[in-house]
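Since the structure comes first, as structure tokens, the remarks are kept for the end.
Values reported hereafter were calculated over all heavy atoms of this structure, with side chains retained and with hydrogens, waters and symmetry mates removed. Just so we're on the same page: letters track the sequence lines, and every chain starts at 1.
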There are 2 protein chains.
Amino acid sequence: MKPKISDVAKAAGVSPTTVSRVLNDRGYISEETRTNVYQAMEKLNYLPNDLARSLFSKRSNLIGLIVPTTSNPFYGELTARIEHHCAEAGLKILLCNSLYNVEKEEKYWEMLRRNQVDGVIVCTYNRGLIDYDTHHLPTVAFDHYLSSNIPVVSSDNFKGGELATRHLIAEGCKTIVHINGPGNLETPANLRRNAYETVMAEAGLPAFTCEIEPILKQESTAVAVAALFDEKPGIDGVFASDDSIAMTVIREARKRNKTVPTDVKVVGYDGTEFMTLLAPELTTIEQPIDAMAQTAVATLIAQIEHPTKSIETDLIHDVRMKKGTSA
Amino acid sequence: MKPKISDVAKAAGVSPTTVSRVLNDRGYISEETRTNVYQAMEKLNYLPNDLARSLFSKRSNLIGLIVPTTSNPFYGELTARIEHHCAEAGLKILLCNSLYNVEKEEKYWEMLRRNQVDGVIVCTYNRGLIDYDTHHLPTVAFDHYLSSNIPVVSSDNFKGGELATRHLIAEGCKTIVHINGPGNLETPANLRRNAYETVMAEAGLPAFTCEIEPILKQESTAVAVAALFDEKPGIDGVFASDDSIAMTVIREARKRNKTVPTDVKVVGYDGTEFMTLLAPELTTIEQPIDAMAQTAVATLIAQIEHPTKSIETDLIHDVRMKKGTSA
DNA sequence: CTGAAAGCGCTTACAG
DNA sequence: CTGAAAGCGCTTACAG
């Protein structure tokens, strides 16, 4: 059986109270006792039971993380960064892949509450589904508005949209299309589209936004992009709302014997490590993923530790354009 | 405050014992009592505290998952699939990104033990570092040998290596190089290399294996691949040990004005959803990631539920070649 | 059919 | 400087 505190106490010839005190470095303990206890712990290979500690302290140091799916490298990287910053702060991640499925997400919320998580970081859309105000569980949202009092971490989507669109215009594109996912519509990511449309209007160019499904099924994106090229044969510029859509556009263009960037220029969004490794030629708007992860974790910790203190709810992070050769 | 079982008991006019019994559907309860209790739970928005339950039952339903990093889409997808199968079985995932760092991994193991996980799925190399036999925590390894009695889930690496190499030979390649990561050397993935070398020898062709760093830093792979092309200008076939290396090879070949597949043929390994979406042209050896995830979870559950029963320790999954246009 | 008691492994006032 | 007692929220023999 796993040794417990009373086993250590027996081995060290002291009471469980004393063992607990050296464990938590609380109150006065003679050096000798301390040494004995440490030796006993060592000998028995004792590790405290965090479940029992959490039950008493009402602090689990557990954080729920809800993402669409870690299969998508953007969320895979975000998950890794969030987990990293949590680990630094002594917090552990309970991972939930919602697959953009509302019922799944509700089940995950219940699971997280049963497991007494100290807080939740959510990256999926579910506005109104969960009663955030009632449950008053510390929460941070990622690129989604959940409720007026829940902080949202996002990149500067408007600026990103501006940078991308202005760049395409500056490079001489006339028929510039924006490709966006419907999942983005009630999120700050929608600002990318607003910026695109605003800049196009200012330049006196017609805006055309193409909405496609979130990337869960394989072929849908490719099919939608092909249809777009059929519909708008004169396309010479594309601002895609994420890098994998941008890559699909580049592939489709090549398939049609259009050269990138000569015939069609393409700008993506995200700039994950993995895509940078895989496709350094892609010009993209880079989100500072690590900084955003860090902010999300820090903001969540602030809420957990100062539940009453009011907090900044709009946590926007600067973006930059990473120039490749695709635009 | 969160309602507890005694609050529900009070509201329903029964004892905590009775509430617990309806919660667990144990023993006889009158329909009336049951209804009252359910209504009280509903009214108070009661959810049981799983920490307390776990403390009593000595079953946390928590599983530790140690991967190098979910930033890498292969592990991102594997993580998503494992989490999915765990969720189906009522198990929750505590996520650990070891970044191939031994000290980090040791800390994670301690954390997982403190949190009373029921089992661990490990995807990193650490043979000998953790004393698996002493801790006797149910464990399943993914593509790594940890200890003689720990089951290993892997793809049929030898067959994969054979399929890839034979295909390149059949397509007429003469100067075929294998690119592998050193991290693969003490793992079943090393069989990919053995198969490559065996098949090359059988065909009377010289084998040349190029070892590169695991993909954590951005440029290293690209640099190593460029060096390889310098060293072996006559390369006409490459079997890469993963798809992102394969893509880097394709890029480097194009940069040198070599056409793929005319001048150089490239076969990868993994075949993740994401890569299939992003680069359907890549010919690759596809690992059945979902099936492997399912096996890992099922095997872990078997160990947890039947600790004494001996288990199959070599869980090899069939692979197939997914033909693209790159080879 | 239902409840009082003891205990899961820990911690913290409170005595001494 | 150290220990006995009570309690965190739950469950399960054991009575009745």
Can you give me every donor-acceptor pair (side chain of residues 31-39 of chain B, partner residue at least two apart or in another chain, under 3.5 Å) with its distance?
| unit_1 | atom_1 | unit_2 | atom_2 | d |
| --- | --- | --- | --- | --- |
| B:Thr33 | OG1 | B:Ser30 | OG | 2.7 |
| B:Arg34 | NH1 | B:Asp25 | OD1 | 3.1 |
| B:Thr35 | OG1 | B:Glu31 | O | 2.7 |

Describe the nucleic acid contact of B:Thr33 in one word from base, sugar-phosphate, nothing, applying a heavy-atom distance below 4.0 Å.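 Here B:Thr33 touches the backbone only, sparing every base.
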[Y] and [X] side chains, donor-acceptor separation under 3.5 Å:
X: A:Arg81; Y: B:Asn97; result: no
X: A:Asp290; Y: A:His84; result: no
X: A:Asn115; Y: B:Lys92; result: yes

#### Entry: Whole angstrom value for the distance that separates P of C:dC1 from CD of B:Glu32
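The distance from CD of B:Glu32 to P of C:dC1 comes to 12 Å, rounded to the nearest Å.
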- Task: Hunt down any stem DNA chain D takes part in, defined as 3 or more consecutive Watson-Crick or G-U pairs whose two distances are each under 3.5 Å.
- Result: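 So far as stems of 3 or more pairs are concerned, DNA chain D shows C:1-3 with D:14-16, C:5-12 with D:5-12, C:14-16 with D:1-3.
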Sorted by chain and number, sequence neighbours left out, side chain to side chain contact (heavy atoms under 4.5 Å, CB included) with B:Ser71 holds for A:Glu77, A:Ala80, A:Glu273, B:Thr69
* Asked: When you check the phosphate oxygens OP1 and OP2 of D:dG9, does a side-chain N or O of A:Lys58 lie under 4.0 Å from one of them?
  -> yes
Quiz: residues 10-20 of chain B side-chain donor-acceptor pairs under 3.5 angstrom, not counting sequence neighbours:
| unit_1 | atom_1 | unit_2 | atom_2 | d |
| --- | --- | --- | --- | --- |
| B:Ser15 | OG | B:Thr17 | N | 3.3 |
| B:Ser15 | OG | B:Thr18 | N | 3.3 |
| B:Ser15 | OG | B:Thr18 | OG1 | 3.3 |
| B:Ser20 | OG | B:Asn24 | ND2 | 3.3 |

Protein heavy-atom contacts under 4.0 Å, written 5' to 3' over nucleotides 11-16 of chain C as B (base), S (sugar-phosphate only) or - (none), form the string BBB---
When the side chains of residues 296-312 of chain A are checked against the rest of the protein, which donor-acceptor pairs come out under 3.5 Å, sequence neighbours left out?
| unit_1 | atom_1 | unit_2 | atom_2 | d |
| --- | --- | --- | --- | --- |
| A:Thr299 | OG1 | A:Thr295 | O | 2.6 |
| A:Gln303 | OE1 | A:Thr139 | N | 3.3 |
| A:Gln303 | NE2 | A:Thr139 | O | 2.8 |
| A:Glu305 | OE2 | A:Arg59 | NH2 | 3.1 |

